[in-house]
Amino acid sequence: MNWARACFASDLEDDKPFSVEVGDELVAIVQHEGELFAIRDQCSHGRVMLSLGEVDDCTIECFAHGSRFDLRTGEALDLPATQPVPVYPVKVEGDDVLVDLANPISTN
């Protein structure tokens with residue numbers, strides 16, 4: 001695994017996406033019901049940051065188009081998006097949130 005520091009766990013609030021650049025990738029870190037998720041911070045339908053959308057029931061919504069994506073799998077759940085968004089392994093060590101971009105859980 002190739003873990004890279006994304007942010008501090010203390011930076012996160014429940015259901016408020018936190019956008020951060022990890023390497024060359026913009027990633028949205030989401031804390032939802034005690035779990036952490038890392039998803040590419042870009043809607044697969046358009047070049048819109050998912051971190052600007054709302055989190056509900058383990059999904060994140062693109063504020064511009066209304067497409068929702070599963071935070072666990074990246075699957076597009078609503079049109080107009082039809083392609084998934086990559087999600088990445090995430091873990092916490094101390095107060096550091098680490099993401100592994102080299103081994104995505106899913107890819108588009």
Side-chain angles (χ1 to χ4, degrees):
M1 293 273 203
N2 297 312
W3 298 102
R5 186 183 170 287
C7 63
F8 293 113
S10 57
D11 290 336
L12 304 175
E13 298 178 45
D14 282 341
D15 296 335
K16 289 200 82 163
F18 188 87
S19 183
V20 62
E21 193 168 327
V22 180
D24 293 333
E25 185 80 37
L26 198 57
V27 177
I29 307 294
V30 179
Q31 180 176 287
H32 176 71
E33 295 184 355
E35 288 187 72
L36 287 181
F37 302 93
I39 188 167
R40 179 181 287 162
D41 196 5
Q42 184 175 315
C43 177
S44 62
H45 172 255
R47 292 180 117 32
V48 177
M49 293 173 62
L50 290 176
S51 60
L52 299 175
E54 293 188 17
V55 174
D56 183 46
D57 197 23
C58 215
T59 67
I60 191 166
E61 181 179 18
C62 174
F63 82 96
H65 306 111
S67 294
R68 289 179 309 123
F69 298 89
D70 189 307
L71 289 169
R72 296 163 293 217
T73 65
E75 177 184 2
L77 302 173
D78 299 303
L79 296 173
T82 59
Q83 297 299 309
V85 174
V87 295
Y88 307 100
V90 61
K91 69 178 181 177
V92 177
E93 288 184 356
D95 193 37
D96 290 330
V97 175
L98 307 173
V99 176
D100 182 5
L101 297 180
N103 296 293
I105 296 167
S106 69
T107 59
N108 60 351

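A pairwise comparison of heavy atoms in Ile105 and Arg72 identifies CG2-O, 4.0 Å as the closest pair.
Residues satisfying the side-chain hydrogen bond (donor to acceptor under 3.5 Å, both in side chains) criterion with Asp14, sequence neighbours excluded, are Gln31. Not counting sequence neighbours, the partners of Glu25 by the side-chain hydrogen bond (donor to acceptor under 3.5 Å, both in side chains) test are Arg40. With sequence neighbours excluded, no residue forms a salt bridge (Lys or Arg N to Asp or Glu O under 4.0 Å) with Asp11. Scanning for side-chain hydrogen bond (donor to acceptor under 3.5 Å, both in side chains) contacts around Asn2 gives an empty result, with sequence neighbours left out. The side chain to side chain contact (heavy atoms under 4.5 Å, CB included) search around Glu21 returns Leu26, not counting sequence neighbours. Listed by chain and number, the residues in a side chain to side chain contact (heavy atoms under 4.5 Å, CB included) with Leu77 are Thr59, Arg68, Asp70, Glu75 (sequence neighbours excluded). In this view, Ser19 and Asp41 satisfy the side-chain hydrogen bond (donor to acceptor under 3.5 Å, both in side chains) rule, not counting sequence neighbours. Residues satisfying the side chain to side chain contact (heavy atoms under 4.5 Å, CB included) test with Ala38, not counting sequence neighbours, are Val27, Ile29, Tyr88, Val90, Val99. With sequence neighbours left out, His45 forms a ring-ring contact (aromatic ring centres under 6.0 Å, His included) with His65.
Residues near Phe8 contribute nothing to a hydrophobic cluster around it, because no ILVMFWY side-chain heavy atom sits closer than 4.5 Å to its side chain.
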Begin from the C-alpha positions of Leu71 and Val87 and carry the test side-chain contact (heavy atoms from CB on, under 4.5 Å) through to its verdict.
CA-CA 7 Å; Leu71 289 169; Val87 295; over 6 Å; no

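Sorted pairs that involve residues 50-64 and meet salt bridge (charged side-chain N to carboxylate O under 4.0 Å, His left out), not counting sequence neighbours, are lacking altogether. A salt bridge (charged side-chain N to carboxylate O under 4.0 Å, His left out) check over residues 85-102, counting only residues at least two apart or in different chains, returns the pairs Arg5-Asp96, Lys91-Glu93.
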